[in-house]
Structure formats: structure tokens, C-alpha cells
Chemist: 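Have a look at the structure that comes next, please.
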Amino acid sequence: MPKTGIHWFRHGLRLHDNPALVACQDEVERFIPIFIFDGKSAGTETCGYVRLRFLLQSLQDLESQFKEHGINFMCFHGEPHTVLENLIKEWEVRVISFEKDSESIWRQRDNLVKEMCARHNVQVIECVSNTLYDPEEVFSLNNNQPPNTCEELRKSCYKIGDPEQPVPKPDLKFIATHLVSTDNLYDPVKHKIPDLEFFDIKPENEKQKECLFVGGETKALDLCKIRIQYEKESFKSGKLNPNLSKPVLFTKEVSLSPYLRFGCLSVRKFYWDLKKVYVKNFNGVKNLYCPVEQLFWREYFYQLSYKNEKFAQVDGNPMCFKIPWDYHGKQDLFLKWETGQTGFPWIDACMRQLLQEGWIHHVCRNSVALFLTRGVLFMSWERGMRTFLKYLIDADWSVCSGNWNWIATGDPEEVLNPTVTFCPVKYGRKIDPKADYIKKYVPELKDYPLEYVFEPWKAPLDLQEKAGCVVGKDYPEPIVDNEEAFRENIAKLQQFFHSEKKEIFETFLNDKSALKPANSNEYKAYTFAKFLESEKSSNESKSIFNARLSINIL
């Protein structure tokens, strides 16, 4: 019997920069690539139609690349440790490889597989390639704790050095020519990639049938070339992060986030491609972290969640303030937020694009998150996160949870700053000054003059009738008074922070040398201390505080 190896695809749905796959290929005489549908992996537990379609397209792309060289790609269904144990017995498998999954929710799954393999004396090959750095190495530099800030992560990474270079693609021609065929093991019906009908998940609207993001490594590499050229031209003109300075709100093939999320594109490849073109073409003062800033935020949230299985929730999460969010009696408000029927055109445009296309720009994500949580509705970020995990193609457990938590609660000093408020009307005007975005996704308002698009309820009735959209009939009235809601939310947050036991934080208030947090509890103490200290020094009267609520709107 030939020495048989299985490479188990999970999130790293690619051939390039797949060190575990390459190592397995080098160890065996018969190679079998597989994917296991267990109802959880790759987000299948919560995903909607658009996300699931992207996953299946990514698997089909892998299958096509293998098939081109006569290699069989096989799919299975069930618990991974049970499926793999059956294959070990049936095919006398001696090696199993997979990419290391740095999200803590997958640790039990992987430990069960490793324990099963140990019982059967099967070699396990597990390699880091989903993140730029091995979380274990980062933790070892931080007293077995996650970095409490992104800056701390950068310092740890600086000590480690540059991320590893991506490894070359496996030689599929060599595998097909020199390794033993698996044709006798492959059942085209039993091992096929299921279609969408198999999962009984249907499109929720006609727009979802339009595929704006095509899944798969082939598409990812093509788009990566386009994106690097886009960044190159920007670097030559002396600009950094062009998509942040001028957000591309419409779904265009600029964002690589869905491909990074499913591992169709290696984060290490993107890092090095971006860094090389930056060093060669940027003529300003160079900072090697600048062009990959967003990748370090991605890395940061993976590090924070690495050993925290409660990272995606409030209860039991040491990295989260337990603010008493209020959902009671607000179910209808939540559904209006989720379906883009809030009566605030900017928010509705963002949510409708998300539900139709499976993607929205970061400024849109921040807007709808603020609106749902501390900005207006004061509902828990957990609910919004679940909506994103269903509809947003690039949402993953770590980054999605981390962003929602930070937007909703983050640093109390920032959250309670009364000079920085969120107004969905003024922010919409700032980001979408010509209302092109709003008029596309909220077509009810397409004939409104620009003056009233962002606040249609202020338009005279005759103008509303002439535009064919009467507020309260053809388009909803605002579901809340956003300015009043913001004032109430600030009061609730003040009450929450003041109700905490201040003596816990006295050390941080009185001893400046102790302000460097060493763990998650000290991080929370640190951020509380900053808030209490700034409040103590300002001594502003309540009347002045209230007067400042309405200025400096985002």
C-alpha cells in the first residue's frame, strides 16, 4: 500500500503559499486533497446565500486546478475527526496536513483530530500561513498574553522580524506524474462539491443573484495584480492608502478582503507584494508599516482572539466592557436597521448594499455599527456582528468580532468624548456629497434634490409628491430622533463607567509608571483610568458638557 497523505482544506483555499500542502506532498506517495463540510468550518454555520456561493466557487476553483492535472479533489460531510478516522482506516492514511487555524473556536476541532491521529500513529503537519506571524511566537514575547494594543503588536513583530516569504505553489504536474493515482478511490457522486440547492439556502432578493465577487484563487491572484498596480500608481504620486482617503463605496474589484478571509489569497503574498512595490516606488518619507496598516489590524484581532473563545460575545469576554445594552422592546427597530428601513438614507443605503451584494466599505461598516450601538439604538454589538457573519462575504470570527466590539465600546475616553458625536445625516453628506451612493441603493429618493436627499423628512410635501416618494408612505420616517438618542446614550455610558469600582483603578491614576497594561484586566483598568483622569482634570460643568454635545459632528 503506498504511503498516503491527505491535505485537509479549511480556510486556506489556495495552492500558492500553502506550506502544509507542500510538506505533505513531499512526504507521501499518494496525495489526496479534501474539504469537509461539518456545518461550521469556513463560516457555513451562519452564512447566507452570497457567502455560501463564494465558498462553493472557491472550492470549484480548487477542484478545477487539480482536475487539470488529473488529481481528484474530494468533499466529505460530517465531523472532521470522524471523517478523517474513517479515511485513515479505509485508505491507510499515514500523513494529514492542514493550515493552522489561529481562531480559538477551532481549537477543539483540531485537538480532536490531533488526538485521533496520535492514536493511529498518523503524522500531522500543521503550518502557519493564515496570519503573518505565528500567534504562539507573539504570545511568548508578551508573557503568554495577547498584545493589548496594535502598537504593542508592531513592537513584537519588529522583534521577530519580517513575516516569512510565501512558499511556491506545489508542482501539480509532478504529483500527477510521480505519485500514485487516486482514481480508484474517487466517487464522482459521493465526493462532489455540493451545489447551493443542497444547503437549501436561497437568495433573499433578486440582487443577490448577481455575482459581484467571484470566489476562488484564480480570481484572487488576478485581482491582486490589479490592486498592486493601483497601489503602485498611488505610491508614485506620493499617496498612501488611496482607498481610505477616497473611499470606493460601490462594489468594485478593488477590495481583496473576501479572498483574504477565505484564504484564496495569501496574506503573506499580499504583504510582500505591497511592501516591495512601496519600497521601489514611494518617494516620500518611508515607514514600512504604512502600506500594510490594515493587515496589521487584521493580525491584531487574530492575536487577541487566539486564546479567547469568548471573543465574539460580551459575557465571559475579558476584552469587553459589559455595558448594559438594551434590546427589550426594540426587535422591530433592529429589523428595520438590518433591512435598511431606518428612515436615515445613509444608513439604509449601507445596509441594503450589504444585503444585496455581500460587501460594504469600511466607512459604511463603521456607520451602521455606530448607529446600532452607542451612536443611536444602544443595542449590543453581538446582534450586529451576527448580521455581518451572515451577509458580509469577508466577515470572519476574529476580525468581525474585534471591529464590532471596538466600535461599540473601545476606549472609554474616546467613547465618552462629547465633542465627537455620530450623526448619520452629516456623516452621509461628508462621505457621499453628491448622493450617488444613496440614490443607487435607496432608489425611492432618486428624484429628490440634493438638498433633501440626506433628510427627506424635511422636504415640503409637494416636493415629496413630485419626486414620487412621500415620507411615511413610500419611504419610512426616521425610526428615532438621533440627536436625542445620542444624548441619552452618553448619559447611560457615563452612568455605567461611574458605577464601576474606582478603587480598582487608583493604582493607574496615582502611579504613571503603571500605565503600561500587562494583560486584559489591566488594559481595561488602563482605559478606565484615562477616562477618569481626563474627567478629573477637566471639571467642566454639566451645562457646558451638554452644550458641546451638538458640535464637531463627524
Side-chain angles (χ1 to χ4, degrees), residues 323-352 363-381 383-384 387 407-409 414-432 435 437-438 441-442 444-445 448-461 463-464 467 469-497 542-554:
I323 293 171
W325 304 109
D326 182 15
Y327 184 69
H328 181 69
K330 293 183 177 179
Q331 294 90 337
D332 184 54
L333 294 182
F334 176 79
L335 288 175
K336 288 179 178 178
W337 170 84
E338 188 175 55
T339 56
Q341 296 291 333
T342 67
F344 292 93
W346 167 249
I347 299 300
D348 292 343
C350 295
M351 290 305 298
R352 292 183 190 187
V363 296
C364 300
R365 303 179 195 203
N366 290 351
S367 294
V368 298
L370 278 168
F371 188 91
L372 182 68
T373 58
R374 61 182 168 92
V376 179
L377 296 182
F378 211 72
M379 296 189 201
S380 174
W381 57 268
R383 295 185 180 277
T387 296
I407 289 293
T409 57
E414 178 182 339
V415 169
L416 294 179
N417 184 350
T419 67
V420 183
T421 66
F422 172 70
C423 175
V425 174
K426 294 185 178 181
Y427 195 66
R429 279 201 178 102
K430 176 183 176 182
I431 302 298
D432 186 27
Y437 179 75
I438 286 177
Y441 294 102
V442 188
E444 302 98 300
L445 304 175
Y448 266 58
L450 184 61
E451 178 184 0
Y452 294 109
V453 171
F454 301 92
E455 300 173 283
W457 59 90
K458 290 186 177 181
L461 181 58
L463 189 151
Q464 295 183 30
C469 178
V470 176
V471 174
K473 176 185 175 184
D474 305 300
Y475 180 70
E477 296 178 345
I479 57 175
V480 292
D481 181 328
N482 64 289
E483 293 182 359
E484 181 182 349
F486 176 79
R487 288 192 291 270
E488 292 176 354
N489 294 349
I490 283 285
K492 292 174 186 176
L493 291 168
Q494 275 194 312
Q495 182 180 9
F496 168 76
F497 287 124
K542 186 175 181 180
S543 61
I544 295 176
F545 174 82
N546 287 334
R548 293 173 65 192
L549 284 175
S550 60
I551 65 174
N552 293 338
I553 307 296
L554 281 176

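All of these numbers come straight from a predicted model, not from anything done at the bench.
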Chemist: Return yes if some donor-acceptor pair links the side-chain N/O of D348 with the main-chain N/O of V442 below 3.5 Å, else return no.
Modeler: no
Chemist: Hey, what's the ring geometry for Y327 with F334, parallel, tilted or perpendicular (30° and 60° as the breaks)?
Modeler: perpendicular
Chemist: Check whether any side-chain heavy atom of R487 lies under 4.5 Å from a side-chain heavy atom of I490, and answer yes or no.
Modeler: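 No, their side chains stay 4.5 Å or more apart.
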Chemist: Would the number of heavy atoms belonging to other residues, nucleotides or ligands and lying under 6.0 Å from CD of E444 be above 12?
Modeler: yes
Chemist: Would you say the side-chain atoms of K330 pair up with the backbone N or O of L377, donor to acceptor, closer than 3.5 Å?
Modeler: yes
Chemist: Does N482 use its side chain to pair, donor to acceptor, with the backbone of C423 at less than 3.5 Å?
Modeler: no
Chemist: What closest approach, in Å, do Y441 and A349 show between heavy atoms, and which atom pair accounts for it?
Modeler: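 Heavy atoms of Y441 and A349 come nearest at CB-O, 3.7 Å.
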Chemist: Mind listing the closest non-hydrogen atom pair of E477 and V471 along with its distance?
Modeler: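 Closest approach of E477 to V471: CG-CG1, 3.6 Å.
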Chemist: To the nearest 0.5 Å, what is the distance between OG1 on T373 and CZ on F422?
Modeler: 9.0 Å
Chemist: For M351, does its backbone N or O pair with a side-chain atom of W337 as donor and acceptor, under 3.5 Å?
Modeler: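 A pair under 3.5 Å: no.
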Chemist: Minimum heavy-atom separation for C469 to Y448, with atom names?
Modeler: O-OH, 2.6 Å
Chemist: Quick one: does R374's side chain have a donor or acceptor within less than 3.5 Å of a partner on I407's backbone?
Modeler: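 Yes: the side chain of R374 pairs with the backbone of I407.
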Chemist: Check for a donor-acceptor pair, side chain of Y452 on one end and backbone N or O of Q464 on the other, with a separation under 3.5 Å.
Modeler: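 Side chain of Y452 to backbone of Q464, a donor-acceptor pair under 3.5 Å: no, none is there.
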Chemist: Taking the six-membered ring where the residue is Trp, are the ring centres of W457 and F344 under 6.0 Å apart?
Modeler: yes
Chemist: Drop me the distance from C350's SG to Y437's OH, to the nearest 0.5 angstrom.
Modeler: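 One finds 4.0 Å between SG of C350 and OH of Y437.
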